[in-house]
Q: 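The structure that follows is given in the form of structure tokens.
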Protein chains: 2
Amino acid sequence: MSCDRALREKGYRLTPQRMLVIEALHNANGHISAEEIYEQLHARYSYSNISTVYRTLELMKKLNLVTETDFSEGRVRYHVAEKGRHHHLVCRTCGRIIDLDESIINPLKDTLLQDYDFEADLRHLAISGECHDCYKEG
Amino acid sequence: MSCDRALREKGYRLTPQRMLVIEALHNANGHISAEEIYEQLHARYSYSNISTVYRTLELMKKLNLVTETDFSEGRVRYHVAEKGRHHHLVCRTCGRIIDLDESIINPLKDTLLQDYDFEADLRHLAISGECHDCYKEG
DNA sequence: AGGGTTATTGCAACAAGTTGCACTCATTCA
DNA sequence: TGAATGAGTGCAACTTGTTGCAATAACCCT
Ligand SMILES: [Mn+2]
Ligand SMILES: [Mn+2]
Ligand SMILES: [Zn+2]
Ligand SMILES: [Zn+2]
């Protein structure tokens, strides 16, 4: 499913700014920040503004086209939703990142849905903690 | 365990500013924001600064004396750790909050520890999503 | 293709939180 | 009790992200 089409089908306008934000997200091979997206947008539309990037990302979050994830580095990072079907463990001490399949969260999601009728939004998490090597010492 | 003593035992200085931050946290009956803590500090030390509040909270987080939780309201909120042994479900649509026992997270924590040797820091979560009433309609 | 409607943008001001630096004062030790 | 020391503070500048508003331009209709 293309993001461009998804926007149009929901009645949102396809502006050149939005198309370039979507392009930057798709071309990124990992997690990309708003500032990095803006650099690419600004290279082609020098008069453009980073608030447009933030607003486009917020819209795409609302439509479940991107995920926003906080890796505790002072700015959050974005992923095209279809590429982000997994989670990360982030060691607060050494910064090591361990990748997890999305299914790791399913038991929790199921419990919340069955016991509390709550549809939890838990996509592309960065769970903070300490890896084996680091808590062996602390 | 008193926060005052915990700081002293680790070699940190007990300044009046820190004592008032700790007092504000303990007197709060729910989740309290940095700004709200600062109001109480400022009432007694008019020359004090909110960056001291943020630095004290960061120190207390590091020592596991407080938890920091993001309820998606534009600012995070704090809890004395001993009072925060639970979690919350937050409906993104109607704002309703459902309280959970901390044990709900144990299966996930155990899996991460056993399968990935990762000590996950998952205390006092605010899990975003949609409650029954709201996703029945959308 | 051209005109009207209004969603979207750029801009500037703002809010939450962080950080470098010089000064101050809590703690230690004589 | 009275220095000496450096952890902690206030302050100001900065970063990330949000928001109100007037101007613009994407889309729909003819
Ligand atoms: Mn990822
Ligand atoms: Mn709570
Ligand atoms: Zn580590
Ligand atoms: Zn709801």
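Chain letters run A, B, ... following the sequence lines, proteins first and then strands; every chain starts at 1. What you see below is based on every heavy atom in this structure, not just the backbone, and it leaves out hydrogens, waters and symmetry mates.
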Q: Using the salt bridge (Lys or Arg N to Asp or Glu O under 4.0 Å) rule, collect all pairs that involve residues 102-130 of chain A, keeping only residues at least two apart or in two chains.
A: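 Sorted result for residues 102-130 of chain A: A/R85-A/E102, A/R92-A/E130, A/D121-A/R123.
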Q: Let me have a per-nucleotide readout for nucleotides 19-30 of chain C, 5' to 3', with B, S or -, counting only protein heavy atoms under 4.0 Å.
A: BB-----BSS--
Q: Whole Å only: how far is the CG atom of A/L7 from the C1' atom of D/dA26?
A: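 Distance, rounded to whole Å: 13 Å.
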Q: In chain order, what residues pass the side-chain contact (heavy atoms from CB on, under 4.5 Å) check against B/Y116, with sequence neighbours excluded?
A: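 side-chain contact (heavy atoms from CB on, under 4.5 Å) list for B/Y116, sorted by chain: A/L89, A/I98, A/L100, A/I104, B/L112, B/F118.
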Q: Got a sec, which residues hit ring-ring contact (aromatic ring centres under 6.0 Å, His included) with B/Y38, two or more places apart in sequence or on another chain?
A: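 If we apply the ring-ring contact (aromatic ring centres under 6.0 Å, His included) test to B/Y38, skipping adjacent residues, the hits are B/H42.
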Q: Between A/L65 and A/L25, is there a side-chain heavy-atom distance shorter than 4.5 Å?
A: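 With C-beta onward as the side chain, the pair stays apart.
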Q: Does anything in residues 67-78 of chain A reach DNA chain D, meaning a heavy atom under 4.0 Å, and if so which residues?
A: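 Heavy-atom contacts with DNA chain D come from A/G74, A/R75, A/V76.
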Q: B/V76: what forms a side-chain contact (heavy atoms from CB on, under 4.5 Å) with it, not counting sequence neighbours?
A: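 Counting only residues at least two positions away or on another chain, B/V76 forms a side-chain contact (heavy atoms from CB on, under 4.5 Å) with B/E68, B/D70, B/Y78.
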Q: Starting from C1' on D/dG10, measure out to CD1 on B/I50 and report it in whole angstrom.
A: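 Distance check: B/I50 CD1 to D/dG10 C1' gives 13 Å.
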Q: Under the rule for ring-ring contact (aromatic ring centres under 6.0 Å, His included), what residues qualify as partners of B/H132, not counting sequence neighbours?
A: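 B/H132 satisfies ring-ring contact (aromatic ring centres under 6.0 Å, His included) with B/Y135 only.
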Q: Tell me, please, which residues at least two apart from B/E23 pass side-chain contact (heavy atoms from CB on, under 4.5 Å).
A: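 side-chain contact (heavy atoms from CB on, under 4.5 Å) list for B/E23, sorted by chain: B/L20, B/N27, B/R44.
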Q: Identify, with sequence neighbours excluded, every residue that meets side-chain contact (heavy atoms from CB on, under 4.5 Å) alongside A/N29.
A: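 With neighbours one apart ignored, the set is empty.
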Q: A/H87: what forms a ring-ring contact (aromatic ring centres under 6.0 Å, His included) with it, not counting sequence neighbours?
A: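 In terms of ring-ring contact (aromatic ring centres under 6.0 Å, His included), with neighbours along the sequence ignored, A/H87 is linked to no residue.
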Q: Taking CG from A/L59 and C1' from D/dT18, how many angstroms apart are they, rounded to a whole number?
A: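 From A/L59 CG to D/dT18 C1': 16 Å.
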Q: Could you list by number each residue of residues 28-45 of chain B showing a heavy-atom separation from DNA chain C of less than 4.0 Å, or answer none if no residue does?
A: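 Listed by number, there are none.
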Q: In whole angstrom, what separates A/R18's CZ from D/dT24's P?
A: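 Rounded to the whole Å, the gap is 19 Å.
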Q: State which residues pass ring-ring contact (aromatic ring centres under 6.0 Å, His included) with B/Y12; sequence neighbours excluded, sorted by chain then number.
A: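 If we apply the ring-ring contact (aromatic ring centres under 6.0 Å, His included) test to B/Y12, skipping adjacent residues, there are no hits.
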